[in-house]
Amino acid sequence: MIEATNLTKRYGDKTAVDSISFTIRPGTVTGFLGPNGAGKSTTMRMILGLDQPTSGTVTVNGKPYAEHATPLREVGALLEAKAVHPGRSAKAHLGTMAATHHIRAKRVDEVIELTGLAAVANKRVGGFSLGMGQRLGIASALLADPDTLILDEPVNGLDPDGVQWVRTLVRDLAAEGRTVFLSSHLMSEMAQTADQLLVIGKGRIITTGPVQEVIDSVLASTVRVRSPHATDLASLLEAAGATVTSPEPGTLDVRGLTGETIGDTAYTHHLALHELATQQASLEAAYMALTQDAVEYRSETTTPEPIPAGAPR
Ligand SMILES: Nc1ncnc2c1ncn2[C@@H]1O[C@H](COP(=O)(O)OP(=O)(O)O)[C@@H](O)[C@H]1O
Ligand SMILES: [Mg+2]
């Protein structure tokens, strides 16, 4: 369990994290989502005691991180740009870490196995790809078998296999009852990995809740309806509280009612339907809508996923 109360960090006159409060619960994967510069890494560093809050507090299992007797066993962390001695092998690096933290040597082999590093365990870390470096960072985070995992942009630099692997790994760790808190600036990634979302922009929490609720709260799904009685049906649906637009004669886009309700209404009034299709708003579209006012920096190489036809924009 991670609990933040009015957590704030200022760098000079720049407010990186602006009085945020949240609770990250065990047994779920919580995605910390926000555009670059939103304050994700700063928040994570404060959780780990690497940055002092300007004001507010944050605790892990009831205590500030630094007050735990064996913090590494409490929280495993992967931060951005982790420094590892380039001349050492992955196995030597993990071995040194294990030795200095009284972790049994056998655990080194376990995490090497778990993170798919067996083939390169004896190679110099300096020659590692970004993806291998990420795997080594995750191996370090898992070394002390902690109850809480904090992973800052863990899929950065990973190939599709690696992304899938991280996804499965964090879901398994949460299923074991651990607290898993991971950040990303990629909505599509979070949609497939997280149970809960904490969306942040410009240092403030924009919204939080189960992934699907977050999407639904921003972009209600639209139901595409085609009927030879579109005009009559539109009146009935509007009377039932829906917002109805007609992109072309005979076709309606209905918001605010489910496909079931629309179908039942048509049936009750003996109006034929030729199409009834719920168009799910994409998570990417929801994210864009959520953060459009909070983007400080948008990479020119990042193209958002296309919004599916029919999704409100
Ligand atoms: N050490 C620092 N000194 C000054 N500004 C910083 C420092 N670290 C982060 N910032 C600023 O704080 C804001 C949040 O940064 P960060 O937490 O790294 O965001 P994110 O991880 O979401 O991309 C950014 O505007 C960044 O430039
Ligand atoms: Mg960051």
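All ligand and atom numbering here is 1-based and tracks the order in the structure.
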- Message: Below 4.0 Å from ligand 1: does a non-hydrogen atom of Gly39 turn up there or not?
- Response: yes
- Which segment of Arg45 sits under 4.0 Å of ligand 1 when only heavy atoms are counted: side chain
- Query: Thinking salt bridges, do Lys91 and Asp109 make one under a 4.0 Å N-O criterion?
  - Reply: yes
- Query: Any N/O/S of Ser41 under 2.8 Å from the Mg ion (ligand 2)?
  - Reply: yes
- Task: Assess whether atom CZ of Arg73 is packed by more than 12 heavy atoms of other residues, nucleotides or ligands within 6.0 Å.
- Result: yes
- Task: Report yes if the side chains of Asn156 and Leu130 come closer than 4.5 Å at any heavy-atom pair, otherwise no.
- Result: no
- Do Leu273 and Tyr267 have side chains that get closer than 4.5 Å, going by heavy atoms? no
- For ligand 1, which atoms sit closer than 4.0 Å to a heavy atom of Asn36? 23 (O)
- Query: At a non-hydrogen distance cut-off of under 4.0 Å, which region of His185 contacts ligand 1 (side chain, backbone, both, or neither)?
  - Reply: neither
- Are Thr222 and Asp253 close enough that a side-chain donor and a side-chain acceptor fall under 3.5 Å? no
- Close N or O approach (Ala16, ligand 1; < 3.5 Å): no
- Asp152-Ser183 side chain donor-acceptor pair, cut-off 3.5 Å: yes
- Item | Proximal ligand 1 atoms for Ser41, defined as those under 4.0 Å from one of its heavy atoms | 17 (O), 18 (O), 20 (P), 21 (O)
